[in-house]
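Here's the structure, in structure tokens; my notes come after.
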Amino acid sequence: MGGNGSVLVIGGTGGIGREVARHYHERGDDVIITGRDLERANEVASGIGTGVGTLAFDLSEPETIGEALSGVGAVSRLVLSSVSRDHNPIRNYTIADAVYGATMKLVGYTTTVHILIDRLGDDSSVVLFGGRAKDRPYPGSTTVTTVNGGVNSLIRTLAVELAPVRFNAIHPGIVGDSPFWENKPLDAVLQRTPTGRLVTMAEVVDATVFLLENRGVNGVNLAVDGGWMLL
Ligand SMILES: NC(=O)c1ccc[n+]([C@@H]2O[C@H](COP(=O)([O-])OP(=O)(O)OC[C@H]3O[C@@H](n4cnc5c(N)ncnc54)[C@H](OP(=O)(O)O)[C@@H]3O)[C@@H](O)[C@H]2O)c1
């Protein structure tokens, strides 16, 4: 079991967040998922099973997060997995897109933790989602690369300031069976992945659960990418 309190998955309406929520629901934990739209969150929740709680708010509007989370009680496991995918080449830099992307993960994730401080117990743990774009940029990835690089550092301050709560980050490579990549050409990624296959949502969930549950793991940035950086 996750411990005392609920398992709160911010971005639980998305591909990987939904699978993390499903894992904890199947283990009998109280699970709450969030997205931006309550109707969609309710649909996803009923697809997971009965009794999954839902909330809707936009991480890019951090001032609204406190009110949105006001009904949430103790939280034993917090997963921050929301993302906005900002394709923003420097030569055609769109400030509004960059501000949105940077705000939602870096300020939005941090504000969520800030709001929940008194609802996290000593045994609580938190996983933030970054991504391997922090190390492997591509044209247009500046916001994604720098934001995920920020997640890499953010867990360190959180783990120090809010000890003994544990904070870890997961940095997936291309998750081949996640909805975002459906029907997109991924041969180039495969060729650079030593395992010859793309990581799966199940593998990312497994690694997330490891970070959340293993009480010795704190302040760790864990890559789950089949060795993508080795080639
Ligand atoms: N999939 C991959 O291959 C991959 C690779 C590397 C890293 N990652 C990381 O893994 C995490 C999960 O990825 P995923 O592919 O599962 O994502 P996804 O399917 O695109 O889901 C994104 C989630 O974020 C929520 N969201 C989007 N904008 C938001 C906002 N402004 N405020 C609050 N919530 C918002 C979405 O909710 P609604 O749409 O319902 O509002 C949804 O729940 C992300 O942090 C991503 O960066 C994924």
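Below, all heavy atoms of this structure are taken into account, side chains as well, without hydrogens, waters or symmetry copies. One-based numbering, in listed order, for ligands and for the atoms of each.
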Ser84 heavy atom under 4.0 Å from ligand 1
no
Looking at Phe180, is Arg85 sitting on its ring face, NZ or CZ under 6.0 Å from the six-membered ring centre and within 45 degrees of the normal?
yes
Just to be sure I read this right, does ligand 1 sit under 4.0 Å from the backbone of Arg40, its side chain, both, or neither, counting only heavy atoms?
side chain
Assess the side chains of Thr142 and Asn88: does a donor N or O sit below 3.5 Å from an acceptor N or O?
no
Are any of the N/O atoms on Asn148, whether in the backbone or the side chain, positioned under 3.5 angstrom from an N/O atom of ligand 1?
no
Check the side chains of His171 and Asn148 for a donor-acceptor pair under 3.5 angstrom, ignoring hydrogens and angles.
no
I want to confirm something. Looking only at heavy atoms, which of Glu61, Arg85, Arg18, Glu19 is nearest to atom 14 (P) of ligand 1?
Arg85
Honestly, is Arg136 close enough over Trp228, meaning NZ or CZ under 6.0 Å from the six-membered ring centre and within 45° of the axis?
yes
Filtering Asp177, Leu59, Thr103 for the heavy atom nearest atom 32 (N) of ligand 1 leaves Leu59
In terms of side-chain geometry, is the basic nitrogen of Glu203 or Arg197 positioned less than 4.0 Å from the acidic oxygen of its partner?
yes
State if Ala56 counts as touching ligand 1 under the rule of any non-hydrogen atom under 4.0 Å.
no
The criterion is side-chain hydrogen bond (donor to acceptor under 3.5 Å, both in side chains); which residues satisfy it with Thr112, sequence neighbours excluded?
none
Which atoms of ligand 1 have any heavy atom of Gly35 under 4.0 Å away?
37 (O), 40 (O), 41 (O)
